[in-house]
> 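Dropping the structure in here first, questions after.
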2 protein chains.
Amino acid sequence: MEPELPKFESVFSIDCVIFGFEDGVLKILLIERNDPPFKDWWALPGYFVDRDESIEEAAKRILYTFTGLRDIFLEQFYTFGDVDRHPQGRLITVAYYAMIQLNGKKDLKPTSPFVKKAFWHPVSDLPKLAFDHTQIFEKSLQKIKRKITYRPIAFELLPEKFTLTQLQNLYEAILNKKLDKRNFRKKMLNYGILKELDEKQQGVSYRAATYYKFDRRKYNKLFQKELSFIKE
Amino acid sequence: MEPELPKFESVFSIDCVIFGFEDGVLKILLIERNDPPFKDWWALPGYFVDRDESIEEAAKRILYTFTGLRDIFLEQFYTFGDVDRHPQGRLITVAYYAMIQLNGKKDLKPTSPFVKKAFWHPVSDLPKLAFDHTQIFEKSLQKIKRKITYRPIAFELLPEKFTLTQLQNLYEAILNKKLDKRNFRKKMLNYGILKELDEKQQGVSYRAATYYKFDRRKYNKLFQKELSFIKE
DNA sequence: CCAAAAGTGTTAATAGTACACCCATGA
DNA sequence: TCATGGGTGTACTATTAACACTTTTGG
């Protein structure tokens with residue numbers, strides 16, 4: 001048997017960058033803080049991890065109590081630990097990002113007393129955020145820019161049915177550059193991971209676009225070998 | 001002024017996966033632990049972060065005291081925080097990897113009392129490691145496999161002067177697959193980031209290979225836009 | 001002269017890029 | 001009939017993949 005060793009306590013937190021996409025605009029979820037430090041500031045949803053929950057569980061719990069959102073796939077992307085990043089002492093934060101279908105998830109219902117409100121905000125126009133959250137956001141954007149080029153994570157941001165133009169707008173919003181329409185469509189359709197639906201747009205005053213669906217099964221077969229997904 | 005807030009104390013640690021390359025074999029640096037828990041086990045170099053040092057400073061300090069290695073570029077790649085990953089309580093660990101030129105750095109001189117010895121071990125044949133270090137190593141390998149395909153981090157593992165065959169062997173060791181010699185050379189030379197030297201191998205009983213040097217300046221110009229570096 | 005690794009080119013297939021007009025729809 | 005976005009093809013270039021023999025060197 002090993003001798004009895006002292007127990008230690010850890011204090012650490014998580015922050016979440018939740019991306020959504022609406023009206024061709026890339027947004028993230030912010031909260032207004034209800035408590036000091038940074039009371040009344042806008043911030044990323046984040047809080048302390050309980051001692052008996054995994055980091056991911058914590059991320060999910062905090063996201064739920066801060067926003068009412070559930071069942072979201074979160075991916076860890078970086079850990080921030082500068083000595084002076086929190087006024088109450090040394091605190092490290094494990095940061096996660098997620099991408100969600102924003103439609104139908106507009107009315108956010110925080111139940112946590114630490115949150116005054118939760119809301120979506122365009123990434124192109126972010127104000128100064130609490131703590132080092134601006135830096136955390138920037139790192140997350142950097143990560144997803146890279147990731148959408150080799151993994152089809154962008155589909156997470158779109159509704160079940162979407163048009164190719166919506167998909168292209170999303171890529172353009174994340175990569176922050178224009179793409180060629182014909183080449184984009186050719187490429188996306190070539191992968192064979194989009195299923196064309198019979199359904200078309202309704203009630204638009206221009207030619208109705210065809211809806212497509214992401215075919216996750218075909219994707220899984222195709223991308224087991226981790227191919228490059230789109231060139232930069 | 002904001003009201004006085006309670007201070008908190010964090011306990012967390014770092015672990016390092018240090019890659020080296022020698023005789024065509026990819027290796028990592030292990031230590032033999034001198035203290036419980038997992039006394040006498042082999043482990044990744046890692047220890048607690050001091051309260052007034054950044055995570056990266058801690059990683060450098062710990063690596064130095066555990067191995068005698070200095071001035072190494074460390075890159076954070078993941079944070080491990082399962083509830084039961086450490087027998088003394090909840091502990092999260094920020095993991096870093098580094099790639100170093102192994103030649104001339106074979107005699108490792110740990111000064112820390114927590115370390116019995118430090119040594120290089122082939123990755124192809126790792127024993128069971130302390131804590132969740134096997135899992136940490138596997139994640140690091142996954143990360144560098146991806147990274148060498150778009151960034152020339154592999155050069156860090158080679159001596160200043162190297163032959164194209166050495167470079168190819170390294171890629172093959174990391175990716176764990178054979179590459180075509182002609183295509184590999186063509187591609188590497190095409191990037192224009194290798195400088196051919198006048199020098200050739202000495203004293204080999206076969207045609208002497210030309211030495212090359214990595215041209216960091218040209219690389220920086222070329223890869224500002226983060227191109228894809230090698231296809232998988 | 002043998003063993004061992006260095007070094008070298010071509011071809012075919014695939015993927016990427018650049019580019020402009022007609023189509024369908026509702027108002 | 002007009003405004004709006006949907007939808008389409010071709011030619012060129014670049015990249016990738018497959019593939020085998022000659023050269024140099026020391027022993």
Side-chain angles (χ1 to χ4, degrees), chain A residues 22-25 148-150 152 158-159 161-173 175 177-213 222-223 225-232, chain B residues 23-25 148-150 152 158 161-173 175 177-213 222-223 225-232:
Chain A
E22 192 182 31
D23 307 325
V25 177
I148 60 163
T149 66
Y150 64 92
L158 293 173
K161 305 177 233 171
F162 51 86
T163 68
L164 290 178
T165 300
Q166 283 178 295
L167 182 60
Q168 183 176 344
N169 287 340
L170 173 54
Y171 269 87
E172 291 179 345
L175 297 176
K177 70 176 177 194
K178 287 279 164 203
L179 301 171
D180 180 87
K181 183 161 65 161
R182 277 175 292 192
N183 292 339
F184 181 83
R185 284 163 178 249
K186 202 194 313 174
K187 184 156 202 181
M188 283 296 155
L189 294 174
N190 254 349
Y191 286 120
I193 58 173
L194 295 183
K195 211 185 283 173
E196 186 175 343
L197 302 180
D198 293 331
E199 212 177 332
K200 284 180 188 287
Q201 279 182 320
Q202 298 287 331
V204 286
S205 72
Y206 45 82
R207 182 171 176 175
T210 303
Y211 280 118
Y212 288 82
K213 230 177 107 172
L222 189 61
F223 285 80
K225 294 194 268 172
E226 182 149 331
L227 297 167
S228 161
F229 187 56
I230 197 177
K231 270 284 173 60
E232 285 146 289
Chain B
D23 307 325
V25 177
I148 59 163
T149 66
Y150 64 92
L158 293 173
K161 304 178 231 170
F162 52 86
T163 68
L164 290 177
T165 301
Q166 283 178 295
L167 182 60
Q168 182 175 345
N169 287 341
L170 173 54
Y171 269 87
E172 290 178 344
L175 297 175
K177 70 175 178 194
K178 287 279 162 205
L179 301 171
D180 179 88
K181 183 162 63 161
R182 277 174 293 189
N183 292 340
F184 181 84
R185 285 162 177 249
K186 202 191 315 173
K187 185 157 200 179
M188 284 297 155
L189 293 175
N190 255 349
Y191 285 120
I193 58 174
L194 295 184
K195 209 184 285 172
E196 186 175 344
L197 303 180
D198 292 329
E199 212 177 332
K200 285 181 188 289
Q201 279 182 320
Q202 297 287 333
V204 285
S205 72
Y206 47 80
R207 181 171 176 176
T210 303
Y211 280 119
Y212 287 82
K213 230 177 108 172
L222 190 61
F223 286 80
K225 294 194 268 173
E226 182 149 332
L227 297 168
S228 160
F229 188 55
I230 196 177
K231 271 285 171 59
E232 286 146 291

> How many whole angstroms separate atom CG of B:N169 from atom C1' of C:dA4?
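So the CG-C1' distance, B:N169 to C:dA4, works out to 14 Å.
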> Can you confirm whether B:L194 sits close enough to B:L167 that some side-chain heavy atom of one is under 4.5 Å from a side-chain heavy atom of the other?
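Side-chain contact under 4.5 Å: yes.
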> Whole Å only: how far is the CG atom of A:L189 from the C1' atom of C:dA15?
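So the CG-C1' distance, A:L189 to C:dA15, works out to 15 Å.
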> In this structure, how many angstroms lie between the C1' atom of D:dA18 and the NZ atom of B:K178, rounded?
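After rounding, the reported distance stands at 17 Å.
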> Does the side chain of B:Y212 reach to within under 4.5 Å of the side chain of B:L197, using non-hydrogen atoms?
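Counting from C-beta outward, B:Y212 and B:L197 never come under 4.5 Å.
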> B:Q168 has an atom CD; how far is it from atom C1' of C:dT8, in whole Å?
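Rounded to the whole Å, the gap is 14 Å.
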> Rounded off to whole Å, could you give me the CD-to-P distance for the B:Q201 and C:dA5 pair?
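Spelled out: CD on B:Q201 to P on C:dA5 is 11 Å.
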> Please state whether the phosphate of C:dA15, meaning OP1 or OP2, lies under 4.0 angstrom from any side-chain nitrogen or oxygen of A:K187.
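No, no such contact exists.
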> Minimum heavy-atom separation for A:Q201 to A:Y206, with atom names?
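The answer is OE1-CE1, 3.8 Å.
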> Can any side-chain N or O of A:E196 pair as donor or acceptor with the backbone N or O of A:T210 at less than 3.5 Å?
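Checking the backbone N and O of A:T210 against the side chain of A:E196, no donor-acceptor pair under 3.5 Å is found.
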> Take atom CG of A:N190 and atom P of C:dT17, then tell me their distance rounded to the nearest Å.
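For the pair A:N190 CG and C:dT17 P, the rounded distance is 14 Å.
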> Which letters describe nucleotides 19-27 of chain C, given B = protein heavy atom under 4.0 Å from base, S = only from sugar-phosphate, - = neither?
BB--BBBS-
> Remember a base hit wins even if backbone is also touched, and classify B:T165 as base, sugar-phosphate or nothing at under 4.0 Å, heavy atoms.
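The residue B:T165 makes sugar-phosphate contact but no base contact.
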> Indicate whether OP1 or OP2 belonging to D:dG7 is found under 4.0 Å from a side-chain N or O atom of A:T210.
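Looking at the OP1 and OP2 atoms of D:dG7, one of them is under 4.0 Å from a side-chain N or O of A:T210.
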> Does any non-hydrogen side-chain atom of A:L158 lie less than 4.5 Å from one of A:K213?
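A:K213 vs A:L158: side chains apart.
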> Looking at every non-hydrogen atom in both residues, tell me the closest pair between A:E172 and A:K178 and how far apart they are.
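Where A:E172 meets A:K178 most closely, the heavy atoms are OE1-NZ, 3.5 Å.
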